[in-house]
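For reference, the structure discussed in these notes is given below.
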Protein chains: 2
Amino acid sequence: MTLTASELSAAVPVRRSRGRPRKTADERDDGNRRQDLLKAAARLFRIKGFAGTSTRDIATAAGMQAGSPFYHFENKEALLAAVMREGMQRAVVRQKAALEATTSAAAASHTTPSARQLLRTLVRNQFDVLLGPDSDFIPVMLYEWRYLSEEQRGEISSLKADYEAAWVPVLHTLHQEGALRGSLPISRLMIFGALNWSVQWYDPARAASGGASLDDLADNALLLFLHEPTSP
Amino acid sequence: MTLTASELSAAVPVRRSRGRPRKTADERDDGNRRQDLLKAAARLFRIKGFAGTSTRDIATAAGMQAGSPFYHFENKEALLAAVMREGMQRAVVRQKAALEATTSAAAASHTTPSARQLLRTLVRNQFDVLLGPDSDFIPVMLYEWRYLSEEQRGEISSLKADYEAAWVPVLHTLHQEGALRGSLPISRLMIFGALNWSVQWYDPARAASGGASLDDLADNALLLFLHEPTSP
DNA sequence: CCTACCGATCGGTAGG
DNA sequence: CCTACCGATCGGTAGG
């Protein structure tokens, strides 16, 4: 026995609005279904890894049939790359907004944010991107990098460079002030490691019941990394 | 056309000594073959991930036929757990030896190593375990954890607890001295993150041609994390 | 996007 | 440990 399309949409929980007429080619809501796929893929790739997730898992999670993801993406790798691209684009946008908010706040009192304040903003935003709501995309980028093809890496790398570029002048200033010790490039990588590793141990659910908040993490990171400025 | 066993050993590069008589059941060198499997598995799991590596890949890398790994290990997960167990056991042994060497060296000049010296030893050993020769095992443990079953996790976790136990009093002392800032458990996790993340970016090959050595990394880590002691 | 399908590969096993 | 094999699953596609 087989099910008709309408019987299927009664049996399977889908978010589609009820009674919508069969779509013509011109009104395909590619964007929505594509977004559903990306979200499902990000979540599964994060939990089970890229190689450990089947395209069927993803299709099911997005309420589709087994072959349907390939209507939206050429192959499984392209889906992974899209997850990473989407995650990095959002991260770059959010980082820019966070920095602007910090600068505006300082401007209101006719000052300019200190390098310390800017670092705090960057760190806090990083924790949000890694651990906050909708935070599956960036962990996938960090931990599933090896499954990208050479060309795909190039594309995502340039987004990553955008993101990291904002850190450079801030860390440079702190290094010159003596607040950041060690070799600048090495210390930078170690700081990123300290932040990115939080994906492995931080449990947002437990935070609600008395654990550390993302603000606490950011405060702790600055305390740990930044030294007293050398007196002038 | 099929090849006989002896034609195969001529065609395929194997390390077996030539002309050795066919083994009887009593002289199976299980230990050696098992070790070969573990080493091959560790290397492949690190490079391609657990789910991205087939048991055939591992068998081939160890010079065996497709089904042969299952003579040594019940299934693929058991092989992964064995890689991690082996890695952690070695890491614990090496850490103990490194700490004893540090204590002996201090004893030779009738002193006791400072918490700073002990941390430097722990950090330097950690980099060696992560990045030094034969360093595939621990990265696999760090990054393929999710593929372990519940019982397997328990077993490896207790080894991990052994390893981390050595850090606790050292970090505690430094925290009391004011050299380590922030919440002790959070700062500890951030430090581990900074070290463990090096697996993602450190290239031992480039170190030979002018890059940072493992000693440089350890020095840098201490500079970054440890503050001037508060004057008494 | 679904239906129906394919070839390839995978983890694992029986028997020697 | 090898030989020979199996059932299941996987990424992907043709046609509508």
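Here is how names work: the chains are called A, B, and so on, in the same order as the sequence lines, proteins then strands, and each is numbered from 1.
Atom-to-atom, CG of A:L79 to P of D:dG11 comes out at 11 Å; the value is rounded to the nearest Å. To the nearest angstrom, C1' of C:dC10 lies 13 Å from NZ of B:K48. Distance, B:H72 NE2 to C:dT13 C1': 16 Å, rounded to whole Å. Going from atom CD of B:E77 over to atom P of C:dC10 covers 15 Å, rounded to whole Å. At whole-Å resolution of the value, CZ in B:R33 and P in D:dC1 are 5 Å apart. Here the C1' atom of nucleotide C:dC2 and the CG atom of A:L37 are 14 Å apart, to the nearest Å. Atom CG in B:D36 sits roughly 13 Å away from atom C1' in D:dC1 (whole-Å rounding). Regarding A:F70, its CZ atom lies at a distance of 19 Å from the P atom of C:dA4, rounded to whole Å.
One finds no side-chain N or O of A:R56 lying less than 4.0 angstrom from the OP1 or OP2 phosphate oxygen of D:dT9. OP1 or OP2 of C:dT3 has at least one side-chain nitrogen or oxygen of A:Q65 nearer than 4.0 Å.
With a 3.5 Å ceiling on both atom-pair distances, the Watson-Crick or G-U wobble partner of D:dC1 is C:dG16. The base-pairing partner of C:dC6, taking Watson-Crick or G-U wobble contacts with both distances under 3.5 Å, is D:dG11.
Ionic pairing of B:K96 and B:E100 is not present here: no N-O contact between side-chain nitrogen and carboxylate oxygen is shorter than 4.0 angstrom. Salt bridge annotation for B:D36-B:R33: present, with a cationic side-chain nitrogen under 4.0 angstrom from a carboxylate oxygen. Checked for salt-bridge contact, B:R146 and A:E144 meet the test: a charged N lies under 4.0 Å from a carboxylate O.
The A:K76 side chain lies nearest to D:dG11 when the options are D:dG11, D:dC1, C:dG12. Considering only the side chain of A:T55, D:dG11 comes nearest among D:dG12, C:dC1, D:dG11. Closest approach to the A:M64 side chain among D:dG12, C:dC1, C:dG12 is made by C:dC1 (side chain taken as heavy atoms from C-beta onward).
Using cut-offs of 30° and 60° on the angle between ring planes, the pair A:F50 and A:Y147 is tilted.
Within 4.0 Å (heavy atoms only), A:S54 reaches sugar-phosphate atoms of the nucleic acid but no base atom.
Partner of B:T102 under the side chain to side chain contact (heavy atoms under 4.5 Å, CB included) criterion, chosen from B:L122, B:N125, B:L118: B:L118.
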